[in-house]
Each structure stands twice: as structure tokens, then as C-alpha cells.
Amino acid sequence: MWLRVFTAFFAFVAMDCSGLKVMVPSQTVHGIRGQALYLPVHYGFHTPASDIQIIWLFERPHTMPKYLLGSVNKSVVPDLEYQHKFTMMPPNASLLINPLQFTDEGNYIVKVNIQGNGTLSSSQKIQVTVDDPVAKPVVWTYPSSGAVEYVGNITLVCQVEGGTRLAYQWLKNGKPVCTSSTYSFSPQNNTLHISPVTKEDIGNYSCLVKNPVSEMESNIIMPTIYYGPYGLQVNSDKGLKVGEVFTVDLGEAILFDCSADSYPPNTYSWIRRTDNTTYVIKYGPHLEVASEKVAQKTTDYVCCAYNNITGRRDETRFTVIITSTGLEKLAQKGKSLSPLASITGISLFLIISMCLLFLWKKYQPYKAIKQKLEGR
Ligand SMILES: *[C@@H]1O[C@H](CO)[C@@H](O)[C@H](O)[C@H]1NC(C)=O
Ligand SMILES: *[C@@H]1O[C@H](CO)[C@@H](O)[C@H](O)[C@H]1NC(C)=O
Ligand SMILES: *[C@@H]1O[C@H](CO)[C@@H](O)[C@H](O)[C@H]1NC(C)=O
Ligand SMILES: *[C@@H]1O[C@H](CO)[C@@H](O)[C@H](O)[C@H]1NC(C)=O
Ligand SMILES: *[C@@H]1O[C@H](CO)[C@@H](O)[C@H](O)[C@H]1NC(C)=O
Ligand SMILES: *[C@@H]1O[C@H](CO)[C@@H](O)[C@H](O)[C@H]1NC(C)=O
Ligand SMILES: *[C@@H]1O[C@H](CO)[C@@H](O)[C@H](O)[C@H]1NC(C)=O
Ligand SMILES: *[C@@H]1O[C@H](CO)[C@@H](O)[C@H](O)[C@H]1NC(C)=O
């Protein structure tokens, strides 16, 4: 590992054994089209020098290197064809390219020659890329109306109007989306296909687009996914609930609430099952039962939830038992007794029982004697 670090370090430093070093901070420089690009170069040597020569060359793959400009001491000799584009201030070897165009993409070679006690020479190569910055992406959802879970598919398309060398990435709730059994990407990754959609796919999606000079993220998109009903349950504002059985005080009104998770919201209907007949007594998520109006003491009800987009329904049965007030109160009190109170109660009960037993035993012999006396 250390060997690799060392090799990487020396890649930036071309060192001649006689002491001339030419250094570039980065061997790859990413430029923006239309802007100025500065290619920094440092060099150092340890011998007395009479002449310092700097030469810049440009090469593209499969072409001959082109001379751009050169200098001896402080005088620059440009190639007249490029003189407006490239600037150098010797003995500073750094090069300024202005303005940068797509055609300026390629390798820039800088060569430094030192004339002194013999001639020292060293060079470096810098790779330059030219890009347009990324414009803000826009995400389109197909179908825009949404999809039903386990039935429909959703396709998200990321569209970018400006920028070169674009790399697309999809984020869900800020985290990268990976290929899975339901997620797939187009070859360029600019399209995300979810097939089939499920409730778990609901979330905040965005498209992140990067290139060497910039990155931009789209606005958040929340695809519409229709699902449910799930987790249907009935609750009441008062009364005792044990499983699907509600115990209500006689004379009390009780409000039932039916709820299930679904999108769009369910339509609810309530059915009372009496005398073998079933009929809808109310629509909506709430049902009020006034216990004095209930003919029977035990009545079965059903709450139905229906999602009119997914076409799925669910229903739950429950029983309402009307009790007399006293029993209800006793049950409530019994529930609220503390363990200490229970122990005291049981102890009292035992003591009283013992006393009664004692009295009864005492009474029995007397009764027997009395019977004997009466028999005679
Ligand atoms: C470059 O400068 C050195 C001293 O600074 C001088 O001796 C030499 O003649 C100069 N060379 C040219 C070509 O002007
Ligand atoms: C070369 O010139 C640039 C400004 O044009 C400056 O920032 C840089 O430090 C100079 N390099 C050296 C080695 O003097
Ligand atoms: C020039 O270089 C030679 C050998 O490369 C060395 O012997 C000599 O001392 C050097 N002269 C100076 C002035 O550095
Ligand atoms: C969803 O995609 C699957 C396969 O990718 C396809 O078989 C199915 O017909 C698509 N469903 C819809 C509603 O487009
Ligand atoms: C999605 O974004 C909305 C606001 O834009 C936020 O309220 C919600 O919590 C986010 N959901 C997740 C799962 O991050
Ligand atoms: C597409 O994205 C996947 C993972 O998100 C990545 O592995 C792959 O390299 C990307 N392909 C392209 C062409 O960007
Ligand atoms: C579906 O139910 C919603 C209420 O949950 C209602 O607003 C909508 O009109 C219904 N659509 C149809 C086609 O019945
Ligand atoms: C209730 O319905 C069943 C069959 O659905 C029938 O056999 C029975 O006689 C009915 N009872 C009453 C009281 O209507």
C-alpha cells in the first residue's frame, strides 16, 4: 500500500538525477468551456544556469504534438496561430488558456531546459478535459396519474437540458437507489423503472446528475401509488374492548371509529347483523350507537373499508354487549383495585369465613342437643 502511495506521489514529480524537478499539482485538470483555465507548473534546480527554456506542446490521441509557445529567460516566442489563446510569464512556467474550447481538450506537455554546467531537461504531461456545467435536471413520471400497487408500473425519466459527460444517479429519500427485483435502470441510468410498484416504493425521489465540473439535483418527486386497505380496525371512545367485543353501559351512547391505511382514503360502510339480515346502516368512518335504542343486548356489526381505485376491500366484525350500569361499574372498580387492596380484601374474607365456621361449629352441637331433647 505504501509503495502505491509513493508511486502516486512520484508520478507528479519528474526528477532528473542532476537536480532539475518539474512539478504539477494535478495531472488531470477539468475545465469549463468558455472560461479561462490555468495549468500550474513549478520547477526547481540546484546548478548555476545561464539560460532557462520552457516549451509547451499540445497533443491529442493519434495526432502529432503541436508547438504552442516557448520562452528563453523572459522572452516568449508564441506560435502565431495560437498567440491570443495561450499566455505564459517566464520564468513562471504556468500556462493560461483563455477561452477554453472543446477543441482544447487533450494532453499538454511542458518541457523545461536549463543551460549551465551542461544541459538539464525535464518534462510533465497534464490531461485537460473540457465540459459544459450540468443544468438542473427535471424528472418526469409516467404515468403521471400514478399506479396501483402490484398491478401498475412507474417510470421516472430524468431530463437535463445542458451539460456534457453526464452521469445519472437516482436517490430515494436521499439515498442511492440500487438495482433490485423491482427497480431497473436504462443503460445511461437516466430512466428508473419500478415494476411492479408497492406501498414500500412511496418516497421522495430525485435525480442527481454529475460531470467532471459540476453536479445538480432535481426537485423531489413523490410518485402516486394507490394501495390498501391495510390494518383495518375498529375502536371506540368508551366502553370496554376485549378482542372484537365491546361492552357498553346501558343508556350510554358509544362512538365507533373504523380506520385502515390506504390511498386514496377508503370509503367506509357499517352493517348491522340482526335476525339473519344484513343491511348497511351508515356510510363514513364513524358510527354512533345509542345503547337504549339497541333492541338486543348483544349485536354484531361489520365495518367495511373499500378503496375505489385499487378495487380491494376489507371488513372486520365486532360485537357490542349492553350491560346494566351496576355490573359495568363493578368491573371498572375491580380493575382499578390495587394489589394491596386485593390482599386486604382476601384476608378479610378469610377472617370472616373462619369466624363463621367457628360460630357454625359452636351452634351445631347445641342444635343436636336441642333435637335430641325435642325427640324425647
Ligand atoms: C539568460 O539570462 C542569463 C543570466 O540571467 C544570461 O547569462 C543569458 O545570456 C540569457 N540568455 C538569453 C538568450 O538572453
Ligand atoms: C506563476 O504565476 C501565477 C499567477 O499568474 C502565480 O499564482 C504562481 O504562484 C506563479 N508560480 C510561480 C512558481 O511563481
Ligand atoms: C560541472 O560538472 C562537472 C561534472 O558533471 C563537475 O565536475 C564540475 O565541478 C561542475 N562545475 C560546476 C561549476 O558546478
Ligand atoms: C408492468 O411491467 C411488466 C413487466 O415489466 C408488464 O408485464 C406489465 O404489463 C406492466 N404493467 C402495466 C400496467 O404496464
Ligand atoms: C419527503 O419530503 C416531505 C417534504 O418534502 C417530508 O415531509 C417527508 O417526511 C419526506 N419523506 C421521507 C420518507 O423522507
Ligand atoms: C448506473 O448505476 C449503477 C448503480 O446505481 C452503476 O453501477 C452503473 O455504473 C451506472 N451506469 C452508468 C452508465 O452510469
Ligand atoms: C373514490 O373515493 C373518493 C373518496 O375516498 C372519492 O372522492 C372519489 O370520487 C371516488 N371515485 C370514484 C371513481 O368513485
Ligand atoms: C337464517 O338463515 C339461515 C340460512 O341462511 C336459515 O336456515 C335460517 O332459518 C334463518 N333463520 C332465521 C331466524 O331467519
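Nothing fancy with the numbering, it's 1 onward along the sequence. One-based numbering, in listed order, for ligands and for the atoms of each.
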Which of the ligand 6 atoms, numbered from 1, are nearer than 4.0 Å to a heavy atom of Asn189: 1 (C), 2 (O), 3 (C), 8 (C), 10 (C), 11 (N), 12 (C), 14 (O)
Table please: side-chain donor-acceptor pairs of residues 127-139 below 3.5 Å, with sequence neighbours left out.
residue, atom, partner, partner atom, Å
Thr129, OG1, His30, ND1, 2.7
Asp131, OD1, Thr164, OG1, 2.6
Asp131, OD1, Arg165, NH1, 2.9
Asp131, OD2, Arg165, NH1, 2.9
Asp132, OD1, Arg33, NE, 2.9
Asp132, OD2, Arg33, NE, 3.4
Asp132, OD2, Arg33, NH2, 2.9
Lys136, NZ, Asn219, OD1, 2.9

Any N/O pair His193/ligand 4 closer than 3.5 Å: no
Presence of salt bridge, Arg60 and Glu105, under 4.0 angstrom: no
Sequence-distant partners of Glu149, side chain to side chain donor-acceptor pair (under 3.5 Å), two or more places apart: Tyr230, Arg312
Phe318 and Phe256 aromatic ring geometry - parallel, tilted or perpendicular at 30°/60° bounds: tilted
Parallel, tilted or perpendicular, as decided by the 30° and 60° cut-offs, for the rings of Tyr108 and Phe58: tilted
Numbering as shown, the atoms of ligand 4 that approach Ser195 to under 4.0 Å (heavy-atom distance): 1 (C), 2 (O), 3 (C), 4 (C), 5 (O)
Residues in the immediate environment of ligand 5 (any heavy atom closer than 4.0 angstrom): Asn173, Asn204
Contacting atoms of ligand 4, where contact means under 4.0 angstrom from a heavy atom of Val151: 11 (N), 13 (C)
Glu244, CD: over 12 other non-hydrogen atoms inside 6.0 angstrom: no
For ligand 6, the portion of Pro187 having any non-hydrogen atom under 4.0 Å away: backbone
Inter- and intrachain pairs under disulfide (SG to SG under 2.5 Å), touching residues 37-104, at least two apart: none
Ring geometry between Phe45 and Tyr43 (parallel below 30°, tilted from 30 to 60°, perpendicular above 60°): parallel
